[in-house]
Novice: 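Here's a structure for you.
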Amino acid sequence: MPRYAHIIWDWNGTLLDDTWLCLEAFNALLRARGLPETTLERHRDEFEFPAERYYKRMGFDPSPESFAQSARAFIDIYERRRLECALHAGTMDTIKTLAKAGCQMSVFSAYKEDTLNELLAHYELVPYFRAVTGQTHINGSGKLDRAQLHREKILGDGGPWLMVGDSPHDHEVAQALGADCALLSHGHFPEHRLAPLGAPVYDSLGGLLDAMLS
């Protein structure tokens with residue numbers, strides 16, 4: 001793998017192990033509407049951005065007003081329990097090793113930016129990231145609309161850049177940023193949905209770190 005001047009990290013599913021919590025919150029919404037619950041395997045096989053399409057496919061009322069209510073209910077459940085989530089195995093070792101090797105790093109997420117900053121502080125990660133960009137809303141539409149803003153924040157670091165995420169959407173974001181991409185299959189999307197994109201896929205942060213340092 002080439003040496004990168006800057007690593008751009010996705011947050012949810014990539015560094016934060018929160019897939020299980022998203023599943024529990026989504027199943028709570030399904031139960032409240034009398035809809036059948038889903039499994040972790042099916043959730044990872046079918047979830048997508050924008051999230052509204054996934055909600056409709058799972059039987060939710062397709063109206064924009066209903067989706068807005070569902071998204072709010074999901075976030076309320078998630079936020080109440082967010083600190084139950086742990087970082088993925090190897091997160092701190094990976095971040096510290098790359099920082100020691102001289103890599104600049106940032107976080108670019110579809111998570112609401114003010115809450116994202118609170119969580120980075122909670123997990124003691126703030127000192128490692130020179131830029132953080134999140135969303136301004138909670139509707140699960142992704143982050144392509146914020147790509148130019150994040151790009152402007154890190155332009156001074158030179159290149160090349162690497163975007164590390166756990167979704168096909170992160171692959172799209174890497175292209176919008178003009179960055180290479182590496183994907184992790186330990187988050188919200190399984191390997192068989194990531195491999196066809198053509199970016200290298202790793203099953204752990206340790207595997208990614210080994211490739212970056214080899």
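Residues: numbered from 1 along the sequence shown.
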Novice: For residues F47 and L23: do they belong to one hydrophobic cluster (side chain heavy atoms under 4.5 Å, members Ile, Leu, Val, Met, Phe, Trp, Tyr)?
Specialist: no

Novice: With rounding to the nearest 0.5 Å, note down the distance linking CG in L125 to CG in L15.
Specialist: 7.0 Å

Novice: Which atoms form the tightest heavy-atom contact between Y4 and C103, and what is the distance?
Specialist: O-SG, 3.5 Å

Novice: Has E41 got more than 12 heavy atoms of other residues, nucleotides or ligands less than 6.0 Å from its CD?
Specialist: no

Novice: About how many Å separate CD of Q175 and CG of L144, when rounded to the nearest 0.5 Å?
Specialist: 9.5 Å

Novice: Using modelled atom types only, decide if a donor and an acceptor are shared between the side chain of T14 and the backbone of D166 within a distance under 3.5 Å.
Specialist: yes

Novice: Using atom types as modelled and distance alone, determine if a side-chain donor or acceptor of N117 lies under 3.5 Å from a backbone N or O of V132.
Specialist: no

Novice: Distance from L155 atom CG to H6 atom NE2, nearest 0.5 Å?
Specialist: 10.5 Å

Novice: Whether the side chain of E113 engages the backbone of G134 through a donor-acceptor N/O pair (distance < 3.5 Å, no angle test) should be reported.
Specialist: yes

Novice: What is the minimum heavy-atom distance between R53 and F49, and which atoms define it?
Specialist: NH2-O, 3.1 Å

Novice: Going by heavy atoms in the side chains, are L16 and Y123 under 4.5 Å from each other?
Specialist: yes

Novice: Can you tell me how far apart CZ (R193) and NE2 (H188) are? Round to the nearest 0.5 Å.
Specialist: 12.0 Å

Novice: Examine L35 and I77 and state if one hydrophobic cluster contains both, with Ile, Leu, Val, Met, Phe, Trp and Tyr joined whenever side-chain heavy atoms are less than 4.5 Å apart.
Specialist: yes

Novice: We want to know whether H186 and S204 form a side-chain donor-acceptor pair, criterion being a heavy-atom distance below 3.5 angstrom.
Specialist: no

Novice: Quick check: do T133 and S109 have side-chain heavy atoms less than 4.5 Å from each other?
Specialist: no

Novice: Are the side chains of R82 and E118 in touch, meaning some heavy atoms are under 4.5 Å apart?
Specialist: yes

Novice: List the atom of K153, the atom of R130, and the distance in Å for their closest heavy-atom pair.
Specialist: O-NH1, 2.9 Å

Novice: In the single-linkage hydrophobic clustering (I, L, V, M, F, W, Y; side-chain heavy atoms under 4.5 Å), do W20 and L30 co-cluster?
Specialist: yes

Novice: Could you walk me through whether D18 and Y78 pass the side chain to side chain contact (heavy atoms under 4.5 Å, CB included) check?
Specialist: CA-CA 9 Å; D18 69 344; Y78 184 99; 2.6 Å; yes

Novice: Check step by step if side chain to side chain contact (heavy atoms under 4.5 Å, CB included) holds for E24 and E37.
Specialist: CA-CA 9 Å; E24 291 192 11; E37 293 185 32; over 6 Å; no

Novice: Report yes or no: is the cationic atom of K56 (NZ for Lys, CZ for Arg) under 6.0 Å from the centre of the six-membered ring of F67, at an angle within 45° of the ring normal?
Specialist: no

Novice: Looking at R151 and R146, would you say the former's side chain and the latter's main chain have a donor-acceptor pair under 3.5 Å?
Specialist: no

Novice: Check the pair L116 / W11 against side chain to side chain contact (heavy atoms under 4.5 Å, CB included), numbers first and verdict last.
Specialist: CA-CA 8 Å; L116 175 60; W11 175 245; 3.6 Å; yes

Novice: Test your reading of the model: is there a side-chain donor-acceptor pair from T97 to the backbone of D93, 3.5 Å cut-off?
Specialist: yes

Novice: If you take all heavy atoms of E79 and Y111, which pair is closest and at what distance?
Specialist: OE2-OH, 2.5 Å

Novice: Are L213 and Y128 in one and the same hydrophobic cluster, where Ile, Leu, Val, Met, Phe, Trp and Tyr link if side-chain heavy atoms are under 4.5 Å apart?
Specialist: yes

Novice: Side chains of H169 and D10: do they bring a donor and an acceptor to under 3.5 Å?
Specialist: no

Novice: Do V164 and I8 have side chains that get closer than 4.5 Å, going by heavy atoms?
Specialist: no

Novice: Is a donor from one side chain sitting under 3.5 angstrom from an acceptor on the other, for D61 and Q69?
Specialist: no

Novice: What do you reckon, are the aromatic ring centroids of F26 and F60 less than 6.0 Å apart?
Specialist: yes

Novice: Please report the interatomic distance CE(M163) to CH2(W9), rounded to the nearest 0.5 Å.
Specialist: 10.0 Å

Novice: For a quick test of reading the model, state the closest non-hydrogen atom pair linking A147 to L177 and the distance between them.
Specialist: O-CD2, 3.3 Å

Novice: Can you check side chain to side chain contact (heavy atoms under 4.5 Å, CB included) on V126 and F129, steps first, answer last?
Specialist: CA-CA 6 Å; V126 171; F129 301 123; over 6 Å; no

Novice: Kindly indicate, with the supporting measurements, whether the criterion salt bridge (Lys or Arg N to Asp or Glu O under 4.0 Å) is fulfilled by K143 and D145.
Specialist: CA-CA 5 Å; K143 53 195 176 189; D145 61 323; over 6 Å; no

Novice: Side-chain contact, heavy-atom cut-off 4.5 Å: F108 with V173?
Specialist: yes

Novice: Can any side-chain N or O of R44 pair as donor or acceptor with the backbone N or O of G187 at less than 3.5 Å?
Specialist: yes

Novice: Is R72 paired with D76 through a side-chain N to carboxylate O contact shorter than 4.0 Å?
Specialist: yes

Novice: Give me the atom names and distance for the closest heavy-atom approach of C85 to L21.
Specialist: SG-CD2, 3.6 Å

Novice: Dump the intermediate steps for side chain to side chain donor-acceptor pair (under 3.5 Å) on N27 and H43, then the final yes or no.
Specialist: CA-CA 10 Å; N27 275 335; H43 181 72; over 6 Å; no

Novice: From R33 CZ over to Y55 OH, what is the distance, rounded to the nearest 0.5 angstrom?
Specialist: 8.5 Å

